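Working notes, structure below.
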Amino acid sequence: MNPTDALARISIVLSRTSHPGNIGSAARAMKTMGLSRLVLVSPKSFPHPEAETLASGAGDLLAQARVVETLDEALADCTYSLAVSARARDLGPEPMLAREGALNLISEVQAGAEVALVFGNETAGLSNEEIQRCQGAVMIAANPAYSSLNLAAAVQVLAYELRVAAFEGAPVVESKSTPFASVPATHGEQEGFYGHLEQVMVETGFLDPAQPRRLMPKLRRLFGRARLEKDEVNILRGILTATQTRR
Ligand code: SAH
């Protein structure tokens, strides 16, 4: 796949954005680097004239933007998503630096995967739940005493790194040499598995819903590291179903 096509297939997901101006600036940042797929999760105000103004010549990206209610909907068809966050989180994936994150995304796209970068709200950033729904995390190395960039500025940095990675030729993963034995599980399939696992743990008494502690986040982290494949999700869910029918 040529670099231009690779960039055009990457989704930029903005979660719960408060300021419509930031949505416009993010669209502009994307278009300057050849990105075009914008997904908005429950934006506070959109469409909005301020978004149009700040998008400048990138109004077409706003017009094509997909607006959804939840991050799960935004990521449903993705097999690889990275949370963009300034802070390393408890139990979240170990963050990589922007350059490495961009290279990984380009390699995945080249291998045919659906991929996304997820950015958080201006005030609160991404919640732990949102970060745990991604396969990895990326941070922009910044001044430790003041490390929080404006949302659209963060989109610009990552978009630039993606462009550099795409054109410098990230190692092209041929279908023969993908790390996957089958095809990677989609976000929707992974969430189906986590829901099923939680249900069986409750049914068997292993998990007390009144005192869940940090069991699910820890298990999400474990399976997130493993990069589950479709076949593996089917096997795991088969085991869960067998446990349910035997009891
Ligand atoms: N106060 C929030 C910052 C929100 S900034 C917090 O502490 O998390 C809005 C978004 O821009 C963040 O959710 C993140 O996606 C991105 N961002 C800002 N600075 C960043 C940095 N240094 N590294 C990675 N992402 C950053």
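Whatever order the structure lists ligands and atoms in, that order sets their numbers, starting from 1. Residues take their numbers from the sequence shown, with the count starting at 1. The shown structure was predicted, so the numbers you read here are calculated from the model rather than taken from an experiment.
By heavy-atom distance, the residue among A142, A86, A98, G101 lying nearest atom 26 (C) of ligand 1 is A86. Considering only non-hydrogen atoms, atom 16 (C) of ligand 1 lies nearest to A154 out of A153, A154, P144. Compare A26, G125, S148 by their heavy atoms: the one nearest to atom 3 (C) of ligand 1 is in S148.
Under the side-chain contact (heavy atoms from CB on, under 4.5 Å) rule, V118 has a single partner from L82, L71, I12, V138, which is L71.
In this structure, V155 does not count as a contact residue of ligand 1, since none of its heavy atoms falls inside 4.0 Å of the ligand.
Within the 4.0 Å heavy-atom criterion, the part of N121 lying near ligand 1 is the backbone and not the side chain. With a 4.0 Å heavy-atom cut-off, ligand 1 is reached by the backbone of S147 but not by any atom from C-beta on. Contacts between S85 and ligand 1 below 4.0 angstrom, taking non-hydrogen atoms only, involve the backbone exclusively.
Residue L151 has no nitrogen or oxygen atom sitting less than 3.5 Å from a nitrogen or oxygen atom of ligand 1, judged on distance alone. Taking distance alone, with nitrogen or oxygen atoms compared against 3.5 Å, V118 stays at or beyond that limit from ligand 1.
Listed by number with element, the atoms of ligand 1 under 4.0 angstrom from any heavy atom of T123 are 1 (N), 2 (C). Those atoms of ligand 1 that come under 4.0 Å of a heavy atom in F119, given as number and element, are 15 (O). The G120 neighbourhood of ligand 1 comprises atoms 9 (C), 10 (C), 12 (C), 13 (O), 15 (O), with distances under 4.0 Å to a heavy atom of that residue.
By the salt bridge (Lys or Arg N to Asp or Glu O under 4.0 Å) test, R213 is found to be paired with no residue, residues two or more places apart in sequence or in another chain being considered.
Atom-to-atom distance recorded for H19:NE2 and E122:CD is 5.0 Å, nearest 0.5 angstrom. L105 contributes atom CG, which lies 12.5 Å from atom CZ of R9 (distance to the nearest 0.5 angstrom). Between the CG atom of L7 and the CE atom of M30 there is a distance of 10.5 Å, given to the nearest 0.5 Å.
Residue pairs that meet the ring pair (Phe, Tyr, Trp, His ring centres under 6.0 Å) test with at least one member in residues 205-242, sequence neighbours left out, are F193-F223.
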